[in-house]
Peer 1: 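Just passing along the structure, written as structure tokens.
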Amino acid sequence: MIRHNKAALFPARSTGGKSTVAGLADGSPILNDDQTIVRKEGQVVSVHATPLGRMTDGPAQAPLGGIFLLEKSDRFELVPMPLTDMIDYVWEAVPYPANLPR
């Protein structure tokens with residue numbers, strides 16, 4: 001979703017809560033509830049909408065503002081994660097990059 005002109009990404013496995021978060025966007029533009037394109041353009045990392053999901057507000061893009069990993073839980077909590085742990089998570093747990101060669 002886009003909040004305050006920045007893209008917030010919520011990577012998660014299937015049934016991990018991406019569509020739930022998109023449904024709670026409260027009027028913020030939804031790039032996609034399933035798949036987006038992340039692209040580095042110069043020094044800016046941008047997130048682009050795709051039509052590859054159930055929920056999208058159409059063509060849009062915004063600079064990346066943050067990545068929030070979703071994990072099912074009984075309570076809401078934001079836990080900072082070291083960059084190296086984030087890279088490991090994305091590489092090992094998210095299905096699409098894990099299919100790419102190292």
Peer 1: Do any pairs count as a ring pair (Phe, Tyr, Trp, His ring centres under 6.0 Å) and have a residue in residues 1-29, sequence neighbours left out, and if so which ones?
Peer 2: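 Applying ring pair (Phe, Tyr, Trp, His ring centres under 6.0 Å) to every pair that reaches into residues 1-29, excluding sequence neighbours, yields F10-F68.
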
Peer 1: Applying side chain to side chain donor-acceptor pair (under 3.5 Å), name anything that partners T20, two or more places apart in sequence or on another chain.
Peer 2: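 With sequence neighbours excluded, T20 shows a side chain to side chain donor-acceptor pair (under 3.5 Å) to no residue whatsoever.
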
Peer 1: Is there a side-chain contact between V38 and L9 (heavy atoms, below 4.5 Å)?
Peer 2: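 Touching, per the 4.5 Å side-chain cut-off.
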
Peer 1: So, taking the atom named CG in D26 and the one named CZ in R3, what distance separates them when rounded to the nearest 0.5 Å?
Peer 2: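 One finds 6.5 Å between CG of D26 and CZ of R3.
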
Peer 1: Show every donor-acceptor pair shorter than 3.5 Å between a side-chain atom in residues 53-66 and any protein atom, with sequence neighbours excluded, or say none if there are none.
Peer 2:
residue, atom, partner, partner atom, Å
R54, NH2, S19, OG, 3.0
T56, OG1, L31, O, 2.8
T56, OG1, G58, N, 3.2
D57, OD2, I30, N, 2.7
Q61, OE1, H48, ND1, 2.8

Peer 1: Which residues satisfy the side-chain contact (heavy atoms from CB on, under 4.5 Å) test with P82, sequence neighbours excluded?
Peer 2: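 side-chain contact (heavy atoms from CB on, under 4.5 Å) list for P82, sorted by chain: T84, D85.
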
Peer 1: Return the minimal non-hydrogen interatomic distance between S46 and E41, and the atom names on each side.
Peer 2: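 That closest heavy-atom pairing would be OG-OE2, 2.9 Å.
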
Peer 1: Same cluster for M81 and I67 if Ile/Leu/Val/Met/Phe/Trp/Tyr side chains link at under 4.5 Å?
Peer 2: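 Per the 4.5 Å side-chain linkage, M81 and I67 are co-clustered.
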
Peer 1: What residues form a side-chain contact (heavy atoms from CB on, under 4.5 Å) with L52, not counting sequence neighbours?
Peer 2: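 Result, side-chain contact (heavy atoms from CB on, under 4.5 Å) vs L52: Q35, T50.
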
